[in-house]
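Being a predicted model, the structure only gives us computed values, none of them experimental. Numbers here simply count residues along the sequence, with the first being 1.
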Amino acid sequence: MTHRTVEFEVSRNPELGFDMRPSPGVLGPADLPEPDFDSEGMLINIGPQHPATHGVLRLVLELDGETVVRCIPHIGYLHSSFEKLGEYRDWNQIVPLTDRMDYLAPLIYNCAYVMAVEKMMGVEVTERCQVVRVICMELDRIFSHLLWLGTWAIDVGAFTPFLYAFQEREKVYELHDALTGARITTSATRVGGMMADLPPGWAEGVGEFVAALPNTLDEIEALLATNGIHLGRTQGVGVISGGEAVNAGLSGPNLRASGVPYDLRKDRPYYDYETYDFEIPVGEHGDCYDRYMVRMEEMRQSCRILVQALERLPDGPINVDDPRIILPDKTDCMNDMESMIHHFKLVIEGVKAPPGESYFAVEGSKGELGMYVVSDGGPKPVRWRIRPPSFINLSVIPKLVEGSLLADVIVVNASLDIVLGEIDR
């Protein structure tokens, strides 16, 4: 499939008349002296209680002076056994577990899980439900990137962008609250539909948020894109080529920043993504600065998708008309015996899926998010396994930081945008 990409040359070379990349006479990471591997190094821990690790991640570093000789990531401090817990819960009872995997973009995980179950069951949700889920996923892509942007700015030494990003993020919290009754643990989806239809005025609230966000992004970019400290700490740091990124299994913005235009919304489209007009931001150098630029542009592209989704949002039911999957209306349940029986059986026995298995992957905010479910014909999965993007993206940290300075470890880790909830799961 032919991809349309967004070039960064305008941002890299603004109308200031100079190139923001270091000139040949300026020392870069490649010009640093080779570390003395024969000397006795010093071992230090970054984390697991450290704000710059973005969660309970422990990085054991061997240093030669301030040069990182070796990096060993340690995970497991937040192990929650989500996949095993899911084997003891009904299909719909698993939805709250997906909130806790990536609590920075819970609606994406809600949708990805039920989409895998629906694929296995052969259930096709209504057109309104499809568009609503697209709105939810793109809204939470922005939601996740805003938190990354604010904390990224702090990690490189800037505080004001954090305030700007979190002011916009609070608006998404309010939209979460209005839709689901919760700010973070949304649990919005159900097999065959959603927990409820959109409340009055919610779509208009999304439209107002999307209309205002680009101006805030422009202000943040004015603070960071040409800032000398930001450029010095991110350009040429944590470089990984496209081929190396593919071999490492990277996906999402981290892969696209290395020049690989792979996006499931284009390459394996679902929910009519191929009919939306949006572009795939692709970097060139594969460094921390490119990863920053890709996410900034992705938020703008998500705004474009949201505008189109709101325009095409159809009327009609939000849930499939199948009493074996969806609970009946409360009024029908209290006045119609057959509806009451369906309600009783669904609550007591749960939704029953036919024997089979399925894997469904979506383009999450951090990369390819895959859900694999296996059914033996009962109300609970025999197996539930997740392909979490952060878990795989994290594996490349040693390659990116070994041979760099200690200060670069903080920036490289921030540029990968990991969340420990899905890594330990």
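Listed by chain and residue number, His54, Trp152, Asp155 satisfy the side chain to side chain contact (heavy atoms under 4.5 Å, CB included) test with Ala414 (two or more places apart in sequence, or in another chain). Evaluation of the side chain to side chain contact (heavy atoms under 4.5 Å, CB included) rule for Ser241 yields Glu244 as partners, not counting sequence neighbours. Remark: Tyr103 engages no residue in a ring pair (Phe, Tyr, Trp, His ring centres under 6.0 Å) (not counting sequence neighbours). Residues passing the side-chain hydrogen bond (donor to acceptor under 3.5 Å, both in side chains) test with Glu170, sequence neighbours excluded: Arg183. Residues meeting the ring pair (Phe, Tyr, Trp, His ring centres under 6.0 Å) test with Tyr271, sequence neighbours left out: none. Judged as a side chain to side chain contact (heavy atoms under 4.5 Å, CB included), and not counting sequence neighbours, Ala222 has no contacts.
Each side chain to side chain donor-acceptor pair (under 3.5 Å) pair with one or both residues in residues 203-218, not counting sequence neighbours, appears once here: Glu168-Thr216, Asp218-Arg300. Residue pairs satisfying the side chain to side chain donor-acceptor pair (under 3.5 Å) criterion with at least one member in residues 369-378, sequence neighbours excluded, are listed as follows: Glu357-Tyr372. The salt bridge (charged side-chain N to carboxylate O under 4.0 Å, His left out) analysis of residues 81-92, with sequence neighbours excluded, yields the pairs Glu83-Arg425, Lys84-Glu87, Glu87-Arg383, Glu87-Arg385. Residues in residues 340-349 take part in these salt bridge (charged side-chain N to carboxylate O under 4.0 Å, His left out) pairs, two or more places apart or across chains: Lys345-Glu349, Glu349-Lys352. Within the structure, every pair that satisfies the salt bridge (charged side-chain N to carboxylate O under 4.0 Å, His left out) test and touches residues 323-336, not counting sequence neighbours, is listed here: Asp322-Arg324. For the side chain to side chain donor-acceptor pair (under 3.5 Å) condition, the pairs that include at least one residue of residues 42-51, sequence neighbours left out, are Asn45-Arg58.
For the pair Leu97 and Asp99, the minimum side-chain heavy-atom distance is 4.5 Å or more.
Among Glu338, His343, His342, the single residue meeting the side chain to side chain contact (heavy atoms under 4.5 Å, CB included) criterion with Cys333 is His343.
Under 4.0 Å is where a charged nitrogen must lie from a carboxylate oxygen, and between Arg291 and Glu284 no such pair does. Here Arg128 pairs with Asp197 in a salt bridge; the nearest charged N to carboxylate O distance falls below 4.0 Å. Classification of Arg141 and Glu138 as a salt-bridged pair holds, one side-chain N sitting under 4.0 Å from a carboxylate O.
The main-chain N or O of Pro281 is never found under 3.5 Å from a side-chain atom of Gln301 such that the two would form a donor-acceptor pair. At distances below 3.5 Å, at least one donor-acceptor pair connects side-chain atoms of Asp267 with backbone N or O atoms of Asp263. A donor-acceptor pair is defined here as one N or O able to donate and one able to accept, closer than 3.5 Å; no such pair exists between the side chain of Ser302 and the backbone of Met299.
Looking only at atom types and distance, the side chain of Ser365 has no donor-acceptor partner in the side chain of Asp140 under 3.5 Å away.
For the atom pair CG (Leu255) and CD1 (Ile240), the distance works out to 9.0 Å, reported to the nearest 0.5 Å.
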